[in-house]
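Here the structure is laid out as structure tokens; the discussion comes afterwards.
Since this is a predicted model, take the numbers as computed values, not measurements.
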Amino acid sequence: DESESAKSVIAELDGTRKKIYGGPHIRWEYYSFKDRFHAIKTELAVCIRLPHRIIWVSTGYKGVVSDIRIARDGFTDFLGPGQVAMTDLG
């Protein structure tokens with residue numbers, strides 16, 4: 001039997017960084033301090049209920065932008081009242 005809090009979780013949200021090369025002229029905003037390289041970030045959300053499917057994708061963010069900011073810029077508008085997504089801490 002699912003608890004009420006478990007019923008409100010609809011997705012798992014996570015991101016990745018794609019290393020980019022641009023020489024010494026690349027802007028600092030692309031630097032991922034977590035990974036210590038310049039990057040473009042992609043975030044996606046996968047539905048945790050059947051049928052499992054990708055329900056949201058965002059790409060093109062600079063490496064310095066945090067995952068939570070990316071989610072707040074787009075994914076949180078996708079959630080309905082009382083719905084939440086799970087994510088990792090880093």
Could you grab the distance from atom NZ of Lys41 to atom CZ of Arg69, nearest 0.5 Å is fine? 10.0 Å
Minimum heavy-atom distance between Ile55 and Ile10, given as atom pair plus value: CD1-CD1, 4.5 Å
Donor-acceptor contact below 3.5 Å, side chain Thr87 vs main chain Leu13: yes
Excluding sequence neighbours, so at least two apart, what forms side-chain hydrogen bond (donor to acceptor under 3.5 Å, both in side chains) with Glu29? Arg27
Any idea which heavy atoms bring Gly82 and Ser8 closest together, and the distance? O-CB, 2.9 Å
With Thr16, which residues qualify under side-chain hydrogen bond (donor to acceptor under 3.5 Å, both in side chains), at least two apart? none
Report whether Ile48 and Val46 are members of the same hydrophobic cluster (ILVMFWY, side-chain heavy atoms less than 4.5 Å apart, transitive linking). no
Can a donor-acceptor pair be found, under 3.5 Å and without considering hydrogens, that links the side chain of Arg17 to the backbone of Phe37? no
Do Thr42 and Lys18 make a side-chain contact, defined as non-hydrogen atoms from C-beta onward lying under 4.5 Å apart? no
Would you name the heavy atoms of Phe75 and Trp56 that are closest together and state the gap between them? N-CZ2, 3.4 Å
Scanning both residues in full, the closest heavy-atom pair of Arg72 with Thr76 reads O-OG1, 3.3 Å
Can you check whether Phe78 reaches Gln83 side chain to side chain, under 4.5 Å on heavy atoms? no
If you group Ile, Leu, Val, Met, Phe, Trp and Tyr by side-chain heavy-atom gaps below 4.5 Å, do Leu79 and Ile70 land in one group? yes
Would Glu43 and Asp67 satisfy side-chain contact (heavy atoms from CB on, under 4.5 Å), going step by step from the backbone distance to the final call? CA-CA 7 Å; Glu43 295 282 323; Asp67 291 350; 2.6 Å; yes
Between Cys47 and His52, does a side-chain contact (heavy atoms from CB on, under 4.5 Å) hold up when you go through it step by step? CA-CA 5 Å; Cys47 182; His52 302 298; 5.6 Å; no
In Val65, Val64, Ile20, the residue satisfying side-chain contact (heavy atoms from CB on, under 4.5 Å) with Tyr30 is Ile20
Interatomic spacing from OH in Tyr61 to OG in Ser66 - rounded to 0.5 Å: 10.0 Å
